[in-house]
K.L.:
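This is the structure I have questions about; it appears just below.
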Amino acid sequence: MRRAEIAARLRAAGIEDYNEEAKRLFCHFSGMSPALALAEPGADCSAPALLAAIARREAREPLAYILEEAWFFDERYRVTPACLIPRQDTELLVEYAIEQLPTGALFADFCTGSGCIAISTLAHRPDARAEAYDISQAALALARENAEANGVRDRIFFHETDLLAARAPVFEKARYDMILSNPPYVTPAEWEEVAPELHHEPPVAFLGGEDGLVFYRHFITECASLLTKNGCFVFEIGYRQADGLRLLAEENGFTCEIRQDFGGRDRMAILKRIG
Ligand code: GLN
């Protein structure tokens, strides 16, 4: 199959970026470099794996799962349906952490999934250490593998924990300079309207209760004692959740700064203790 034919099939399946995706599928399964594939548009590949991959993509399985690869920040991640596919907007949290973590910091990544937030931060802050939490054993296995592949395995510790069941006394004592999290924050109503690709990702990574705020509420009320004196929470949020976060912060003695994503929508909340 030639690249143009793959592109035509993807286009017919309603895939927006059909040319780029056809190129990536073709190069991945033919072993041809993108430069060579560009120079030889008529190149043909009929590897059964390529044909199977096209069929999966036509069924709207995300390309990242088919290639088992996602780039986040400067790092390459292996991704499977056991974890959420890292999103570019989440890089905001990593940028903030790299800039703001104190020297020799210990930070937490709640709901780590592929491990992307903690691992990319560690990759650019060789003085820092992290503890990453997730409820899913399969996601944690991937995160461990990604930590190893990105050279930070000796500075990260993984916990298999149901964070919503965990209350402050479960943890030992205040120790994190920052708690970062991109928790599930989609409401059941929003879930009904998402693109078909998202239904291939684990629902547990998206659904954040009736108002989408369940995880933030729990972290702010139950886990604040884990922060050092000047420690802060850094959350990714849904674009309609800024007011909800401001209120939660106010009720619990925190200031709340909201920052926008690359599309100009509210996407990050930074909570610091008042006083
Ligand atoms: N922390 C991971 C990410 O940002 C997973 C988040 C999640 O599963 N909700 O991609």
Side-chain angles (χ1 to χ4, degrees), residues 62-65 68-98 107-124 130-147 149-150 152 156-164 166 176 178-188 190-191 194-195 197-209 211-219 223 233-239 241 245 259 261-262 265 267-270:
L63 189 66
Y65 288 156
E68 292 204 349
E69 169 183 88
W71 284 88
F72 176 83
F73 214 76
D74 288 334
E75 287 69 41
R76 182 183 176 280
Y77 288 85
R78 182 165 168 254
V79 295
T80 72
C83 72
L84 189 80
I85 298 166
R87 309 295 206 265
Q88 200 190 0
D89 288 333
T90 309
E91 293 180 359
L92 286 176
L93 277 69
V94 174
E95 271 170 22
Y96 183 86
I98 292 171
F107 67 92
D109 177 12
F110 284 0
C111 311
T112 196
S114 63
C116 62
I117 296 174
I119 293 168
S120 286
T121 302
L122 288 175
H124 297 268
E131 295 188 14
Y133 295 76
D134 206 280
I135 193 172
S136 158
Q137 198 177 12
L140 285 166
L142 260 181
R144 278 194 191 92
E145 191 183 322
N146 285 324
N150 285 297
V152 303
I156 186 166
F157 188 85
F158 292 99
H159 299 270
E160 185 183 337
T161 306
D162 177 357
L163 286 162
L164 288 183
Y176 299 131
M178 207 178 268
I179 294 177
L180 293 143
S181 185
N182 173 24
Y185 58 70
V186 174
T187 66
E190 288 168 338
W191 183 242
V194 300
E197 275 81 359
L198 272 71
H199 287 283
H200 291 270
E201 297 183 76
V204 68
F206 285 105
L207 294 170
D211 65 355
L213 299 173
V214 162
F215 284 83
Y216 307 113
R217 192 173 289 117
H218 187 82
F219 295 164
C223 305
F233 287 113
V234 181
F235 297 135
E236 176 169 323
I237 61 168
Y239 70 100
Q241 292 175 327
L245 263 291
R259 295 199 186 175
D261 62 21
F262 305 102
R265 304 201 290 185
R267 188 59 67 193
M268 175 161 78
I270 302 153

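What you see below is based on every heavy atom in this structure, not just the backbone, and it leaves out hydrogens, waters and symmetry mates. Every number for a ligand or one of its atoms is a count from 1 in the order of the listing. Sequence positions, counted from 1, serve as the residue numbers for this chain.
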K.L.:
May I ask you to check whether Ala205 has an N/O atom sitting below 3.5 Å from an N/O atom of ligand 1?
P.N.:
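Checking ligand 1 against Ala205, an N or O pair does fall under 3.5 Å apart.
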
K.L.:
Closest heavy-atom contact between Tyr185 and Arg267?
P.N.:
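Scanning both residues completely, I find the closest heavy atoms to be OH-NH1, 3.1 Å.
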
K.L.:
Supply the atom-to-atom distance Leu198 CG to Leu84 CG, rounded to the nearest 0.5 angstrom.
P.N.:
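It comes to 8.0 Å.
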
K.L.:
I'd like to check which ligand 1 atoms, numbered from 1 as shown, lie under 4.0 Å from a non-hydrogen atom of Cys116.
P.N.:
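This gives 3 (C), 4 (O), 10 (O) as the contact atoms.
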
K.L.:
What orientation do His159 and Tyr133 show, parallel under 30°, tilted 30 to 60°, or perpendicular over 60°?
P.N.:
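Taking Tyr133 first and then His159, their aromatic rings lie parallel (interplane angle under 30°).
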
K.L.:
For the backbone of Gly212 and the side chain of Gln241, can you confirm whether one donor and one acceptor N or O come within less than 3.5 Å of each other?
P.N.:
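Yes; judged by distance alone, with no hydrogens or angles, the pair exists.
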
K.L.:
Go through ligand 1 atom by atom and flag the ones less than 4.0 Å from a non-hydrogen atom of Leu84.
P.N.:
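Heavy-atom distances to Leu84 below 4.0 Å select 6 (C), 7 (C), 8 (O), 10 (O).
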
K.L.:
Do Ser120 and Tyr77 have side-chain atoms, one donor and one acceptor, less than 3.5 Å apart?
P.N.:
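Yes, Tyr77 and Ser120 have a side-chain donor paired with an acceptor closer than 3.5 Å.
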
K.L.:
Please say whether Ser114 places an N or O atom under 3.5 Å from an N or O atom belonging to ligand 1.
P.N.:
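No; the residue has no nitrogen or oxygen that sits under 3.5 Å from a nitrogen or oxygen of the ligand.
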
K.L.:
Quick one: nearest non-hydrogen protein atom to atom 2 (C) of ligand 1, plus distance?
P.N.:
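Of every protein heavy atom, Thr112 O, 3.3 Å lies nearest to atom 2 (C) of ligand 1.
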
K.L.:
When the aromatic ring centroids of Phe233 and Phe219 are compared, is their separation below 6.0 Å?
P.N.:
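No, too far apart.
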
K.L.:
Would you say ligand 1 has an N or O under 3.5 Å from any N or O of Asn182?
P.N.:
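There is such a contact, yes.
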
K.L.:
Which of the numbered atoms in ligand 1 are below 4.0 angstrom from a heavy atom of Thr90?
P.N.:
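Going through ligand 1 atom by atom, the ones under 4.0 Å from Thr90 are 4 (O).
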
K.L.:
Tell me whether Cys111 has any N or O atom under 3.5 angstrom from an N or O of ligand 1.
P.N.:
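Yes; the residue has a nitrogen or oxygen that sits under 3.5 Å from a nitrogen or oxygen of the ligand.
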
